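Below is one structure. I have some questions about it.
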Amino acid sequence: MADYPRTAVEFHDWFATEAACRDYLVRLRWPEGVGCPDCGGSEIWFMKAPFYRCSQCGYDFTVTAGTLFADTHKPLRLWFEAIWDVTNQKLGASALGVQRVLGLGSYRTAWNWLHKLRRAMVRPGRDRLAGIVEVDETFIGGPQPGKRGRGAAGKTLVLIAAQVQSHKIGRIRLARIANASAANLERVVRQAIEPQTCIQTDGWVGYSGMTALGYKHEVIRPTAELGENLLPRVNRVASLLKRWLLGTHQGAVGPNHLDYYLDEFTFRFNRRTSRSRGLLFYRLMQQAVALQPILGKALVGGRPLK
Ligand SMILES: [Zn+2]
């Protein structure tokens, strides 16, 4: 049985104190018993709460050491509220919304929290798409199509991979790419899609090496024009993504930070049929305690484009 609150009332009952929040993190992080984050030792002394000491290496730590919550100066209860808020809104939360709901003094803090949470939304080692997958690219940040090989000024090219599930869309992967060169497309496809998968594309020359990479390749649209004429599932994902960026975030997403938003969109899209929002909260919590701490500096700079 997954261990998460089902309703807002349960949520507030469960997490009424700092100690209750910490206990929950302990259960998620160390289901087999507390372990030393430094040496992996399992002989742990329980010090004055919230501290533990490793009997092997002498390291003093708390349950938040080495997680997304490390070095936070705010109560865990606020973090839990933020995560509940983010996972319970169908379209996600904006920094301004989180700042208001939590009564945070600074917009910057809310913005930083949301970006940390977006990082936690990408599960390390998540499995790749398989079966039949549509792959195509779209421009974010401008309506007019540009030439694919060159990349267009002021716009960001995003590769969309969408699993075919009868007439529906299965899971998706998104990736920002500098341009639609074969090298970029192949790198992202290899990261996102299992070998042997049947990849459906248009006739763009950048996809011509897919068979050599070990994929089955079907060109289901002969044209190589970009922008207006996307493959059907990719097209639906692209328009939902653009609407979401414009709606929840008012289009205020710079290219350097777009990756985090792509991660959040993917997290939500791939779990859109989850019956319980509490389950989303639980997944994000699990990933948050499995994450290395993220420094503010790394957030502000965005992620380098490979
Ligand atoms: Zn140790």
Side-chain angles (χ1 to χ4, degrees), residues 1-5 11 13-87 98 102 104 108-128 191 259-260 263-264 267 271 278-304 306:
M1 266 281 271
D3 177 19
Y4 58 86
F11 172 83
D13 282 354
W14 281 34
F15 304 120
T17 64
E18 287 297 289
C21 294
R22 276 200 306 272
D23 287 347
Y24 187 69
L25 295 183
V26 169
R27 294 208 296 276
L28 289 185
R29 182 172 188 182
W30 296 304
E32 318 287 331
V34 181
C36 172
D38 203 37
C39 76
S42 59
E43 224 165 280
I44 306 296
W45 292 321
F46 288 64
M47 315 297 281
K48 187 179 182 330
F51 293 98
Y52 302 96
R53 178 170 294 166
C54 175
S55 73
Q56 231 159 291
C57 71
Y59 182 53
D60 286 323
F61 58 96
T62 68
V63 67
T64 58
T67 74
L68 179 143
F69 309 106
D71 305 322
T72 184
H73 303 296
K74 302 279 188 197
L76 282 174
R77 286 173 67 195
L78 267 190
W79 274 101
F80 277 49
E81 281 282 351
I83 294 178
W84 183 256
D85 193 47
V86 162
T87 48
V98 166
L102 302 186
L104 292 171
R108 195 76 205 161
T109 304
W111 188 91
N112 271 314
W113 282 26
L114 276 178
H115 271 57
K116 286 185 179 188
L117 292 177
R118 287 189 184 107
R119 284 213 162 170
M121 288 177 186
V122 180
R123 186 156 44 95
R126 60 186 174 176
D127 47 346
R128 294 181 286 183
Q191 283 166 0
D259 293 326
Y260 306 122
D263 291 343
E264 178 178 356
F267 178 84
R271 291 165 184 79
L279 187 57
L280 235 62
F281 169 83
Y282 175 71
R283 292 278 173 243
L284 189 48
M285 276 290 179
Q286 272 185 321
Q287 290 168 210
V289 294
L291 203 74
Q292 293 303 307
I294 295 157
L295 302 170
K297 221 159 75 183
L299 285 178
V300 174
R303 229 182 270 174
K306 276 172 279 173

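Here the structure is a predicted model, which is why all the values come from computation and not from measurement. In listed order, ligands and their atoms are each counted from 1.
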Protein N, O or S atoms lying under 2.8 Å from the Zn ion (ligand 1), listed by chain and number: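 You should have found C36 SG, C39 SG, C54 SG, C57 SG.
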Just checking F80 against F15, ring centres under 6.0 Å apart?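 For F80 and F15, the ring centres are under 6.0 Å apart.
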Could you point out which residue of T62, T64, V63 forms a side-chain contact (heavy atoms from CB on, under 4.5 Å) with F69?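 Single pass found, and it is T64.
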Side chains of Y59 and R53: donor-acceptor distance under 3.5 Å anywhere?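 Side chains of Y59 and R53: no pair found under 3.5 Å.
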Compile the donor-acceptor pairs under 3.5 Å between side chains in residues 19-26 and protein atoms, sequence neighbours left out, one pair per line.
{"residue": "Y24", "atom": "OH", "partner": "D3", "partner atom": "O", "Å": "2.7"}

What is the distance from atom CD1 of I83 to atom CZ of F11, rounded to the nearest 0.5 Å?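 One gets 8.5 Å once the value is rounded to the nearest 0.5 Å.
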If we only count heavy atoms from C-beta on, is the P37 to R29 side-chain gap below 4.5 Å?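 P37 vs R29: side chains touch.
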